[in-house]
Protein chains: 4
Amino acid sequence: MSPRRRDADSTSTARTHRRAELLGIAAGIFAEQGYAATTIREVADAAGMLAGSLYYHFDSKESMADEILSTFLTELWESYDRILAANKGARETLEALIAASFTAIDAHRPAVVLYQNESKHLALSPRFAYLNESRSRFRDMWVGLLERGVREGAFRADLDVPLAYRFIRDTVWVAANWYAPGGRLSADMVAKQYLTMILEGIQPHPS
Amino acid sequence: MSPRRRDADSTSTARTHRRAELLGIAAGIFAEQGYAATTIREVADAAGMLAGSLYYHFDSKESMADEILSTFLTELWESYDRILAANKGARETLEALIAASFTAIDAHRPAVVLYQNESKHLALSPRFAYLNESRSRFRDMWVGLLERGVREGAFRADLDVPLAYRFIRDTVWVAANWYAPGGRLSADMVAKQYLTMILEGIQPHPS
Amino acid sequence: MSPRRRDADSTSTARTHRRAELLGIAAGIFAEQGYAATTIREVADAAGMLAGSLYYHFDSKESMADEILSTFLTELWESYDRILAANKGARETLEALIAASFTAIDAHRPAVVLYQNESKHLALSPRFAYLNESRSRFRDMWVGLLERGVREGAFRADLDVPLAYRFIRDTVWVAANWYAPGGRLSADMVAKQYLTMILEGIQPHPS
Amino acid sequence: MSPRRRDADSTSTARTHRRAELLGIAAGIFAEQGYAATTIREVADAAGMLAGSLYYHFDSKESMADEILSTFLTELWESYDRILAANKGARETLEALIAASFTAIDAHRPAVVLYQNESKHLALSPRFAYLNESRSRFRDMWVGLLERGVREGAFRADLDVPLAYRFIRDTVWVAANWYAPGGRLSADMVAKQYLTMILEGIQPHPS
DNA sequence: GATGAATGAGTTTTCATTCAT
DNA sequence: TATGAATGAAAACTCATTCAT
């Protein structure tokens, strides 16, 4: 509206875009090589600029990882919260959560790999305290869901819930390490297959 | 010949012991913090010596990782080969392989974590070519086993074998990240539970 | 000639004003933090602009220091030269010089601090040769004055003139580090007190 | 006594010596060029080693400044405290404090210059909080002494004590900027001359 | 006049490694 | 066997400066 408004908007939008672009590049390399093993220069090279120039956009290497992870987790929890709010049965909820997780892997594969591989060390620094919080919420969500499912008869009565929680959590997220968007299997198909294996196992049905 | 012969022998044994001890310390820190994020000084500190002193025992940081990984893989394959040589049915073989894997996790947890997290990057260097070989053998073993199981009717006919291979591989090895020797569940018990989940899933049996 | 002539004039005046304003800001920060420890960005922030924008006004960081110092020294010497031209007795001249110095501190405190702290290093570069010239003139002026005062009986006969020169010089200029314009004591009052201490010391008069 | 005792001692002594030596070199360059304008490489060059090697001895550039300043201040206060404990009259105490200050300048000239030029900025960081404490104690000591002297009739009744405190403080410490150990005037002689100027001024005695 | 994005040279710092003792 | 002191290469980061818009 104001004559300067469009400028301000386009500028701020452009900056946001550039940041996102650079973070995408960084996330890819962090995921591929590991955070500690990646140098700022490698990221800058991939972005077509000099190492120092990255510091115009970001405070530090750590703040890049921070932004990658927090952005990813925010989006992830939005999708999880939507599912939980739907208040479906245990089985359907589990199904939706797993599908959402594979959708997240599809959309943010490098961020997932980074989270998977580095969150343990990063969480030691106060700046990354939210990683621990997220982990707790995650555990509570799954354990709660599994316990409800056992009560409701959706899951086996003799399920070791804490163990099953880890089983599912690991199994799903580690898939980010090999999942290739655009490969033989789409995220949806992998999700469906994994769901079947998790629910019914790999043995033939006795029925 | 030398009057110190007996001494020399005992020294050499002691040296072997010391190496193993140091490698155990190194593996623990590598696993905890990541290989690239761990400094030689941290390892030396934990061993109660100065950084330079480690070089009396080892050529380089890389050679420590090398020795940790190759020792672990050698042992692992010995146990796998024994199982494969027994020529049991697909289901029993899978059962034994998973049990052996958890036994390995129990005995070499840091090495497993190191393998899990770093083998991808390390394998790029020729020195670690054996990592790739092991990975291939591993995949062939599992894919072969699963295909045989499908043929024999031990596993579901509609199993996506490559996917199931990854499912099992990831699920088992990632457990090293949280498994605590001496915790609530022994390696054997975790193996049994995981086996049930892998074979039958988490749903109640329709039977 | 040009139809924008009047504009151009007012613009040029405005430019001069803006320069002076920016130099004032820069001088303040240089004085507070030290020249080397101050970044162009800090100056720009304080001026409400971006670092690059300062380069529209000034060639370089060095040229800012240059302009701050040369402006200050030019004014200072004008006031000194007026005093020297009056050809008064040694005591009265000293009195006037000290008063003028405190007036300069009052008017150009940051410039004085900058001169005090940085002239030694800056003077190494040819661009700042005038700092050395000023220093020499300064010394000659004071040593000459003190020697004359000793000859005329205005100052103690046993005065170590080079030492007294430094004593006075340091004592006066270093006051810039704590003098606060608008504080308890005006520049005039500080000058008077300092003059008394320099002339008569802090002991009571035996008279 | 113990066979390893001599080794341990000589080692630790050697390290202390080396540290002190390096700190002396660093202090000299810091004083000459300013702390911020001095690079670690310059210090290392002067010490005949590579920049990185300095980090075997010191954590950071800042910690070098820290150690230089704290060592100096500790020694300075030891000498001041000895004087204050003697409980002499105001004039004699002032005399002794000024002499002690010039002795400190003689022994630790670079540290004094560093303190003089950089303590204001450094004191902003919590690590250098002791600089502010020292400054307060310093002011209290001098103000107390001057007030006592005025009461006892040792100093002029109309003395502006806070101003006189600054006058003396600055006058003495700034001398570190030009004082050359081994020059025309020894520290003792400078102290004596300064003391005369401070007590009696530069005018001839009316007596 | 000012911005936003970059450069490039330099800074502090890190760290695997070496080596005389 | 281990220490203490260093090396040297590379890391993260800084900052004065440039320039198209």
Side-chain angles (χ1 to χ4, degrees), chain A residues 4 7-8 10-12 14-15 18-19 22 36-44 47-64, chain B residues 11 14-15 18 22 36-44 47-64, chain C residues 11 14-15 18 22 36-44 47-64, chain D residues 4 7-8 10-12 14-15 18-19 22 36-44 47-64:
Chain A
R4 315 209 51 160
D7 267 46
S10 79
T11 300
S12 121
R15 189 182 298 213
R18 189 73 172 120
R19 281 178 79 85
L22 294 172
T38 299
T39 71
I40 279 292
R41 243 197 93 205
E42 285 169 323
V43 176
M49 54 171 61
L50 292 175
S53 306
L54 271 180
Y55 287 83
Y56 176 76
H57 301 277
F58 304 99
D59 284 350
S60 63
K61 185 184 176 186
E62 210 186 46
S63 78
M64 288 189 225
Chain B
T11 300
R15 184 176 304 191
R18 189 73 173 122
L22 293 172
T38 299
T39 70
I40 281 291
R41 243 198 99 198
E42 285 169 321
V43 175
M49 54 172 63
L50 292 178
S53 309
L54 273 180
Y55 285 82
Y56 176 80
H57 301 277
F58 304 99
D59 285 351
S60 64
K61 186 184 177 185
E62 222 186 17
S63 76
M64 289 188 224
Chain C
T11 299
R15 183 174 305 189
R18 190 74 172 118
L22 294 172
T38 298
T39 71
I40 282 289
R41 243 197 99 199
E42 285 169 323
V43 175
M49 55 171 63
L50 293 177
S53 309
L54 272 180
Y55 285 82
Y56 176 80
H57 300 278
F58 303 99
D59 285 352
S60 64
K61 186 184 178 186
E62 222 187 16
S63 76
M64 288 189 225
Chain D
R4 316 210 51 162
D7 267 45
S10 78
T11 300
S12 123
R15 187 181 301 214
R18 188 72 173 123
R19 280 179 80 85
L22 294 172
T38 299
T39 71
I40 278 291
R41 244 196 92 205
E42 286 169 323
V43 176
M49 54 171 63
L50 292 175
S53 307
L54 272 179
Y55 287 81
Y56 176 76
H57 301 277
F58 304 99
D59 283 350
S60 64
K61 185 183 175 187
E62 211 186 45
S63 78
M64 288 188 225

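Residue numbers start from 1 in every chain, and the chains themselves are labelled A, B, ... in the order their sequence lines are given, proteins ahead of strands. What's counted below: heavy atoms across the whole structure, side chains too, no hydrogens, waters or symmetry copies.
The 5' end of DNA chain F is approached more closely, in terms of each residue's nearest nucleotide, by D:L54 than by the other of A:D59 and D:L54. Taking for each of B:K61 and A:L50 the nucleotide of DNA chain E with the nearest heavy atom, the 5'-most of the two is the partner of A:L50. Mapping A:G52 and B:G52 onto DNA chain E by nearest heavy atom places A:G52 closer to the 5' end of the strand. Toward the 5' end of DNA chain F, the nearer of the two residues D:A51 and C:E62, judged by each one's closest nucleotide, is D:A51.
Within 4.0 Å of D:T38, counting heavy atoms only, lie sugar-phosphate atoms of the nucleic acid but no base atom. Residue C:T39 is classed as a sugar-phosphate contact, given heavy-atom separations below 4.0 Å to backbone atoms only.
Nearest nucleotide to the D:I40 side chain, out of F:dT17, F:dT7, E:dT12: E:dT12. Distance from the side chain of B:R18 is smallest for F:dA2 among the nucleotides F:dG4, E:dA2, F:dA2. Closest to the side chain of C:S60, from the set E:dA5, F:dT17, F:dT7, is F:dT17. For B:H57, the side-chain atoms get nearest to F:dA2 when compared with the rest of E:dT17, F:dA2, E:dA5. Each of F:dG4, E:dG4, E:dT12 was ranked by its minimum atom distance to the side chain of D:Y55; first place goes to E:dT12.
Between C:Y55 and C:K61 the shortest heavy-atom distance is OH-N, 4.4 Å. Smallest separation of non-hydrogen atoms from D:H57 and D:S53: CD2-O, 3.7 Å. Closest non-hydrogen pair, A:A47 versus A:L22, comes out as CB-CD2, 3.6 Å. For D:A51 against D:R41, the heavy-atom pair with the smallest separation is CB-CG, 3.7 Å.
Looking at heavy atoms from C-beta onward, B:M64 lies in side-chain contact with B:I40 at the 4.5 angstrom threshold.
With both pairing distances under 3.5 Å, E:dT21 is matched to F:dA2 as a Watson-Crick or G-U wobble pair.
Regarding contacts with the backbone of E:dA5, a side-chain N or O of A:R15 is found under 4.0 angstrom from either OP1 or OP2. A close approach under 4.0 Å does occur between a side-chain nitrogen or oxygen of D:Y56 and OP1 or OP2 of F:dA5. Proximity of A:S53 to the phosphate of E:dT7: a side-chain N or O atom is located under 4.0 Å from OP1 or OP2.
Spacing between atom CZ of B:F58 and atom P of E:dC15 amounts to 20 Å, rounded to whole angstrom units. As rounded to whole Å, 14 Å separates atom P of F:dG4 from atom CZ of D:R19. The distance from atom CE of A:M49 to atom P of E:dG8 is 13 Å, rounded to the nearest whole Å.
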